[in-house]
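Order of appearance sets the numbers: ligands from 1, and atoms from 1 within every ligand.
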Amino acid sequence: MKESLLSSKKETIILKTPDEIEKMRRSNLIVAEILESLKGLVKPGVTTGFLDKFCEREAIKRGAKPAFKGYRGYPYSLCASLNDEVVHSMPSEKRCLKEGDILSLDFGVFYDGFYGDAAITLPVGGVDDRAIRIIDVTREALYKGIEMAVSGNRLFDISAVIQGFVEDNGYSVIRDFVGHGIGRDLHELPQIPNFGKAGMGVRLKNGMVLAIEPMVAEGGYDVRILDDGWTAVTADGSLSAHFEHTVAVTNGSPYILSNLQGV
Ligand code: MF3
Ligand code: CO
């Protein structure tokens with residue numbers, strides 16, 4: 001989400017009960033299943049508009065509502081960001097995937113009172129080693145961040161570990177977009193930057209649910225928004241990748257609500 005767009009009316013971090021977390025598991029499992037199906041559909045020749053329609057249909061089939069459609073006027077169910085596009089690129093029937101592209105797919109639903117939100121970046125057909133590497137580093141950065149989502153840690157322990165891993169690999173973390181709390185609203189407190197100092201920020205508590213979402217660029221972290229008002233691209237035109245999971249903080253291991261396996 002855009003940092004400046006977070007305008008949750010609630011001023012505190014809303015803790016979820018175990019029952020609410022199980023409801024959120026259901027919303028996020030719908031997201032996970034649909035993203036899993038997308039893996040089989042992404043190939044050269046397919047349009048991003050087709051993927052959007054697929055997601056919308058699959059959500060409705062399961063009794064869920066696509067979360068992004070209508071959110072602040074966003075007109076689609078899916079964000080489908082190619083290559084130098086970081087996030088929030090609008091799907092189009094005119095946009096055909098090509099061999100060698102990388103495609104970030106961000107999808108969310110609302111189901112039984114709660115939101116689910118997750119993102120993956122996929123190679124289209126055969127891609128070069130550069131593309132594979134940024135995808136792998138971004139996914140691993142997300143999992144390293146998730147490992148820090150344990151009660152007693154500080155919020156920026158997540159941020160710091162993501163930033164450290166990404167920068168050690170020669171990439172930058174995007175600054176203009178952040179992860180977020182999630183629950184009955186798509187965007188709740190806290191904001192979760194992908195950069196920061198370990199040991200800082202609020203103390204994590206059992207019952208917090210966090211959408212952690214590193215966005216990584218091969219070059220610099222500056223982004224530019226295209227004239228459509230949504231698409232964020234890297235200012236230097238470098239490649240970008242994005243992964244996101246919705247995670248519940250527990251006293252033990254983080255519960256990855258948007259993982260098919262839930263661990
Ligand atoms: N995962 C993105 C976010 O958390 C999705 C928002 S796209 C929008 O901000 F279109 F709904 F804004
Ligand atoms: Co999100």
*Do any N/O atoms on His180 end up under 3.5 angstrom from N/O atoms on ligand 1?*
yes
_Residues Glu56, Ser77; criterion side chain to side chain donor-acceptor pair (under 3.5 Å); working and verdict_ = CA-CA 6 Å; Glu56 179 161 349; Ser77 299; 3.2 Å; yes
*Can a salt bridge be assigned to the pair Arg154 and Asp157 using a cut-off of 4.0 Å between side-chain N and carboxylate O?*
no
*Examine the proximity of ligand 1 to Arg72 and report which part, side chain or backbone, both or neither, has a heavy atom under 4.0 Å away.*
neither
Acceptor/donor pairs from residues 197-207 side chains to any protein atom, 3.5 angstrom cut, sequence neighbours excluded:
| residue | atom | partner | partner atom | Å |
| --- | --- | --- | --- | --- |
| Arg203 | NH1 | Gly152 | O | 2.8 |

*Is any side-chain heavy atom of Glu85 closer than 4.5 Å to a side-chain heavy atom of His242?*
no
*asked:* Looking at Glu93 and Lys53, is any side-chain nitrogen of the basic one under 4.0 Å from a carboxylate oxygen of the acidic one?
replied: yes
*By atom name, which N, O or S atom of Asp117 is the nearest to the Co ion (ligand 2)?*
OD2
*Any heavy atom of Cys79 sitting closer than 4.0 Å to ligand 1?*
yes
*asked:* Any heavy-atom pair between the side chains of Arg184 and Glu20 that's under 4.5 Å?
replied: yes
*Which value, rounded to 10°, describes the OE2(Glu213)-the Co ion (ligand 2)-NE2(His180) angle?*
80°
*Using heavy atoms and a threshold below 4.0 Å, how should the contact between Tyr71 and ligand 1 be classified: side chain, backbone, both, or neither?*
side chain
*Contact check: Glu244 vs ligand 1, nitrogen or oxygen atoms, below 3.5 angstrom*: yes
*Is there an N/O/S atom in Glu244 that lies less than 2.8 Å from the Co ion (ligand 2)?*
yes
*Taking the six-membered ring of Phe114, is the NZ or CZ of Lys23 close enough (under 6.0 Å from the centre) and on axis enough (within 45°)?*
no
*Would you mind listing which atoms of ligand 1 come within a distance below 4.0 Å of any non-hydrogen atom of His187?*
3 (C), 4 (O), 9 (O)
_One thing to verify: whether Arg25 and Glu22 come together as a salt bridge, which I'm taking to mean a side-chain N less than 4.0 angstrom from a carboxylate O._
no
*asked:* When you compare ligand 1 with Tyr74, is there at least one nitrogen or oxygen pair between them that comes in under 3.5 angstrom?
replied: no
_Min N/O separation Trp230 to ligand 1 under 3.5 Å_ = no
